[in-house]
Trainee: 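I am attaching a structure below and will ask some questions about it afterwards.
Given the structure is predicted, the values throughout are model-derived calculations rather than measurements. Atoms within each ligand, like the ligands themselves, are counted from 1 in listed order. Basis for what follows: all heavy atoms, side chains included, without hydrogens, waters or symmetry-related copies.
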Amino acid sequence: MGTHTVEEIKRDSQRLRGTIAESLLDPVTGAFPHDDERLVKFHGSYLQDDRDLREERRKQKLEPAYGFMIRTRTPGGVVSPEQWLKLDHVATTYAERGLRITTRQAFQFHGVIKRELKATMQAINAAMIDTVAACGDVNRGIMVAANPHESRAYAGIHAQAAALSKHLAPRSRAYYEIWLDEERVAGSGEENEAIYGETYLPRKFKIGFAIPPYNDIDVFAQDLGFIAIIEDGEVVAYNVAAGGGMGATHGDPLTYPRLGNLLGSIAPGEVTAITEAAITTQRDWGDRVLRKHARLKYTIDDRGVDAFKHEVESRSGITFAEPRDYSFIHNGDRFGWIQGENGLWHLTLRIVSGRILDGEQPHLSGLRAIATRLLAIDPATASPEFRMTPNQNLVIANIPDGERAGIDALVAAHGLAAHETALPLRRNAIACVALPTCGLAMAEAERYLPDILTRFEALLARHGLSGQPIHFRISGCPNGCSRPYLGEIALVGKAPGRYNLMLGGDHRGQRLNALHRENIDEAAILAELDQLLERYASERRDDEYFGDFLVRSGVVVARALNLELAA
Ligand code: SRM
Ligand code: SF4
């Protein structure tokens, strides 16, 4: 029997069921058969194996050390203290390597064995969090700026994103039947996938809401990005951008990172209709033959921005207005305590690569202690919550003034104060997961980040640049999960210990960087940067960022956002 294509698997899956329930019961292997492996992604889980152990297991004639990754659907990355404690329990009971905050404000658990997969899904659900559509050819986790300041507008935008996430979730009951033992109700008509149809989307689809002047969500890297226009604390409109994406394949010019195009502005009440129109256009126009070419960015390049915009207008019955004025100042996080307009306080902590473990420092225990303390806050005074940021950091939000000292003490006692001690380079760096779990990794990223940063810091110190907030991003392969093509400096994995050196992104997420040196090792990377930092130290203008300097001085030709409007 030949391998089925993903389109066939989706079509024949009985609304994403396949034979997952049966495969779970097969005691012979820790894996899933091919088709179920594809389908389980729609339920928020990936089959992986520990790549550190692959060779040894092969020699011992054992099957690979299989484990499942599970990703939550948490719009805007918000969880309550109660939910935090339950997710901590899931991590310590079923997973390896703790809790992992992702670049799209979700949690991932790694290394869950097949025998415990169902119990883990149930434990996550007990926290009132599901994993439906966290992966797969559907709308993924919706991002929301982790804005600690604009509290009133933030609350409204978060509620809008959460409602949109629910609206765009598949109607299939497969998740509830397989993982939560819901009875199947035949012919109830509940499962009509009016938005997706029986083969869902050609590829994943990503949505994000930005709140200027911060572009922490990298709105131009989203398939569909909404930029909130706020007046007197209220959202009065959204600018809409479409066709962003990062993924590429080495050596394949058909694939490339791309910044979204600004289509125009809409009223806040028009978000759902515009989103549905964009998604159904991509459903009908997207490439269903070549998966590498199936993201919205390629559909838009193939058909033209104008054609896409007009189709969305015609399907939604909404005409885009001129975009409203906005400006971004940066795409990182603001660390430390910030007071919101509502008088409550928000503390942003630096979490390196989003990995929360009891390792060298007891970070998992520390956040457990903080969550427990937040539970004791009188709900009449505040509703504290955790907010994961798009840069893999963590906001402890909505804290009354009187609680700050207690939280600071817990932060200090558990080694969670890197936001105060780390240099800007280290505070802002992002790494994707890569080895040992990611099956696509060609080189290290998360595990290499601390060391490469130490070497970069030595270079910066040598040139008197230690305080410079240079944005550095590293990915273990060109798929771009850490959004590396927006970094001022980025390393994109090519082979073990070898990377493409990309240079010239900006600080606002509005300019793609460019390939500077291909397939080089650490020594060559450091030598190249040493030279460029020397020039930067002596030739830069006042307050000029490194990426801007590299572009101005012609070291790289980088592509800035095309702000020309579609007709
Ligand atoms: Fe990603 C695939 C991890 C954000 C582009 N991504 C993967 C997989 C599932 C590998 C696989 O297919 O077998 C990785 C699992 C690794 C592991 O062991 O956990 C993976 N992606 C991640 C996360 C966890 C990275 C992180 O360090 O935080 C992020 C989870 C986000 C979430 O919560 O939903 C993550 N991935 C992204 C982003 C960033 C974003 O969305 O803002 C991108 C670039 C934006 C984009 O989509 O264009 C991204 N991931 C990809 C791609 C390339 C897609 C493409 O269009 O070509 C793949 C490969 C694929 O889909 O075939 C991929
Ligand atoms: Fe894996 Fe590549 Fe994504 Fe990194 S960028 S998590 S190596 S798919």
Trainee: Considering only N or O atoms, set out every pair between ligand 1 and the protein closer than 3.5 Å, with distances to one decimal place.
Mentor:
from	atom 1	to	atom 2	distance (Å)
ligand 1	18 (O)	Gln48	NE2	2.8
ligand 1	18 (O)	His110	NE2	3.4
ligand 1	18 (O)	Thr437	OG1	2.7
ligand 1	18 (O)	Cys438	N	3.4
ligand 1	19 (O)	Gln108	NE2	2.7
ligand 1	19 (O)	His110	NE2	2.7
ligand 1	27 (O)	Arg100	NH1	3.2
ligand 1	27 (O)	Arg100	NH2	2.9
ligand 1	27 (O)	Gln392	NE2	3.3
ligand 1	27 (O)	Val433	N	3.2
ligand 1	28 (O)	Arg100	NH1	3.1
ligand 1	28 (O)	Thr103	N	2.9
ligand 1	28 (O)	Gln392	NE2	3.4
ligand 1	33 (O)	Thr102	OG1	2.6
ligand 1	34 (O)	Arg71	NH1	3.4
ligand 1	41 (O)	Arg104	NH1	2.9
ligand 1	41 (O)	Lys206	NZ	2.8
ligand 1	42 (O)	Arg104	NH1	3.2
ligand 1	42 (O)	Arg483	NH1	2.6
ligand 1	47 (O)	Lys206	NZ	2.7
ligand 1	47 (O)	Arg295	NH1	2.8
ligand 1	47 (O)	Arg295	NH2	3.2
ligand 1	48 (O)	Met246	N	2.7
ligand 1	48 (O)	Gly247	N	3.4
ligand 1	48 (O)	Arg295	NH1	3.3
ligand 1	50 (N)	Lys204	NZ	3.4
ligand 1	56 (O)	Arg295	NH1	2.8
ligand 1	61 (O)	Arg203	NH1	3.3
ligand 1	61 (O)	Arg203	NH2	3.4
ligand 1	61 (O)	Lys204	NZ	2.8
ligand 1	62 (O)	Arg203	NH2	3.0

Trainee: Any idea which heavy atoms bring Ile474 and Ser482 closest together, and the distance?
Mentor: O-OG, 2.9 Å

Trainee: Determine, stepwise, if the pair Arg100 / Glu446 fulfils salt bridge (Lys or Arg N to Asp or Glu O under 4.0 Å).
Mentor: CA-CA 11 Å; Arg100 173 59 157 73; Glu446 181 183 323; 2.9 Å; yes

Trainee: Under 2.8 Å from atom 1 (Fe) of ligand 2, which protein atoms of type N, O or S occur, listed by chain and number?
Mentor: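 The answer is Cys438 SG.
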
Trainee: Testing the 3.5 Å rule here: is there a donor-acceptor pair between the side chains of Gln222 and Arg140?
Mentor: no

Trainee: In plain terms, say whether Arg291 and Asp137 are close enough for a salt bridge, that is, a side-chain N and a carboxylate O under 4.0 Å apart.
Mentor: yes

Trainee: Tell me the closest heavy-atom pair linking Arg355 and Arg97, and the distance in Å.
Mentor: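 Nearest heavy atoms, Arg355 then Arg97: NH1-O, 3.1 Å.
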
Trainee: Answer yes if the ring centres of Phe32 and Tyr46 are under 6.0 angstrom apart, and no otherwise.
Mentor: no

Trainee: With heavy-atom distances below 4.5 Å as the criterion, would you say the side chains of Phe107 and Val79 are in contact?
Mentor: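 The answer is yes, as the side chains (C-beta and beyond) meet within the 4.5 Å cut-off.
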
Trainee: Could you pull out the closest heavy-atom pair between Glu116 and Thr120, with the gap in Å?
Mentor: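 In this case the closest contact between Glu116 and Thr120 is O-OG1, 2.5 Å.
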
Trainee: I need the atoms of ligand 2 closer than 4.0 Å to a non-hydrogen atom of Gly480, numbered in the order shown.
Mentor: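 Matching atoms, with element in brackets: 5 (S).
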
Trainee: Taking only residues two or more places apart in sequence, or in another chain, which ones meet Arg58 in a salt bridge (charged side-chain N to carboxylate O under 4.0 Å, His left out)?
Mentor: Glu55

Trainee: According to the ring pair (Phe, Tyr, Trp, His ring centres under 6.0 Å) rule, which pairs have a member within residues 486-517, sequence neighbours left out?
Mentor: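 Qualifying pairs: Tyr448-Tyr499, His471-His507, His507-Tyr545.
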
